[in-house]
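Taking it in order: structure first as structure tokens, then the write-up.
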Amino acid sequence: MHRFVPLIRHPDLLTVVAHFWPRPLDERRFPVQKNLYRTDEETQVLVEEQSAGVAPSGHLVLIHGLESSSRAGYMKSLASAALHAGFSTHRMNLRSCGGTESLCRTAYHSGLTADLEGIVRELATSTGQPVFLAGFSLGGNVALKLAGELGERARGLIAGVCGVSTPIDLAVCVRRMEEPRNRLYEVRFLRSLRRRMRVKHQCDPARFPLDGIDRVRSVREFDDRFTAPAFDFRDAAEYYETQSSIRFLDRVRVPVLLIQAKDDPVVPFEPFTRSAVTANPNIHLLATEYGGHVGFLSRRQPRFWSDAVILDWMQALVRGTSRPQFQY
């Protein structure tokens, strides 16, 4: 694996540049099928799927971050790399994302794993091939929490889980978001969260009241007033405490790769030094000095460095060989 040489060393600039960097996905060679998975009586989630051929090396389920969708750039570039490497891909939209607000009675939250588990079980049963998970930011928390919840039962269902720039301790990350330097990130997320709530309100006014939504000034306040009540959490503090994947990492029994930049502006590095991460032999932490939040644009080829790392890792697991020797 090539050594990671960041295109930009400023974490905020790299985060923004990576967000807008063009990431082509060949939909002519690999046609997209938009499939709806019914995960319970009141919920359908949209998954954009592309086949690598009649005999793929395995399947990769990708899970996006807060207020994003299957069309996010990081989802498309990793899907492209995986398809060219022989893996079929499944870009999942979290509940009510990707324009599916009317297909779900509830919305998503940072630890809601039921939909992902339903998709994984269906793929594992129908294909009989290895199923990998790759979650970005919030999506990483969902994937890691699912692996921990399943524990030993994950064997046979999940071949491996990768989390990129993952908020494994939600409370710590929300505190970081509230710092003045991160106000622009918080404002952007709040604008999108309010917009989604207004759409959900049109679908079900009683379940999604809008009282006071324009007075909410932080993600914590939004979670306290809207997310927590919608999912029967006492408050935002209980939501963060119970839904953080770090509470479940000691139970993980499948291979996990964590890709985390120490300069991530919204995800502090400290939780990755705790024993829940360092004491579990199934978890490999790949920590870089630079990278921003879901950045990892390299000055050298491969440009999308984290995509190449994830593919190397998946291919090593499929071959049953030892873990790749990463350089960073």
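Residue numbers count from 1 along this sequence. Atoms considered below: every heavy atom in the structure, side chains included; atoms not considered: hydrogens, waters and symmetry mates. The shown structure was predicted, so the numbers you read here are calculated from the model rather than taken from an experiment.
- Not a single donor-acceptor pair under 3.5 Å links the side chain of Arg95 to the backbone N or O of Tyr108.
- Remark: the backbone N or O of Gly111 is paired with a side-chain donor or acceptor of Lys145 at under 3.5 angstrom.
- The side-chain hydrogen bond (donor to acceptor under 3.5 Å, both in side chains) contacts involving residues 158-169 comprise Asp169-Arg274, where partners must be two or more places apart or lie in separate chains.
- Put simply, the side chain of Arg220 never gets that close to the backbone of Arg217: no donor and acceptor are under 3.5 Å apart.
- Rounded to the nearest 0.5 Å, atoms CZ (Arg9) and CD (Glu289) are 9.5 Å apart.
- Here the straight-line distance linking atom OG1 of Thr15 with atom CG of Leu297 works out to 9.5 Å at 0.5 Å rounding.
- Between Phe231 and Phe233, the ring-plane angle classifies as tilted under the 30° and 60° cut-offs.
- Across all their heavy atoms, Arg38 and Glu41 have their closest contact at NH1-O, 3.2 Å.
- The two residues Asp115 and Met92 have their closest heavy-atom pair at CB-CE, 3.8 Å.
- A distance of 8.0 Å separates CD in Gln243 from OG in Ser110, rounded to the nearest 0.5 Å.
- Residues in residues 224-237 take part in these side-chain hydrogen bond (donor to acceptor under 3.5 Å, both in side chains) pairs, two or more places apart or across chains: Asp223-Thr227.
- In this structure, the ring of Phe132 has its center no less than 6.0 angstrom from the ring center of His59.
- Within the hydrophobic cluster formed by Ile, Leu, Val, Met, Phe, Trp and Tyr side chains joined at under 4.5 Å, directly or through other members, Leu83 is accompanied by Leu25, Phe30.
- For Gln260 (side chain) and Thr288 (main-chain N/O), no donor-acceptor pair under 3.5 Å exists by modelled atom type.
- Val309 is not listed as a side-chain neighbour of Phe296, based on a closest heavy-atom distance of 4.5 Å or more.
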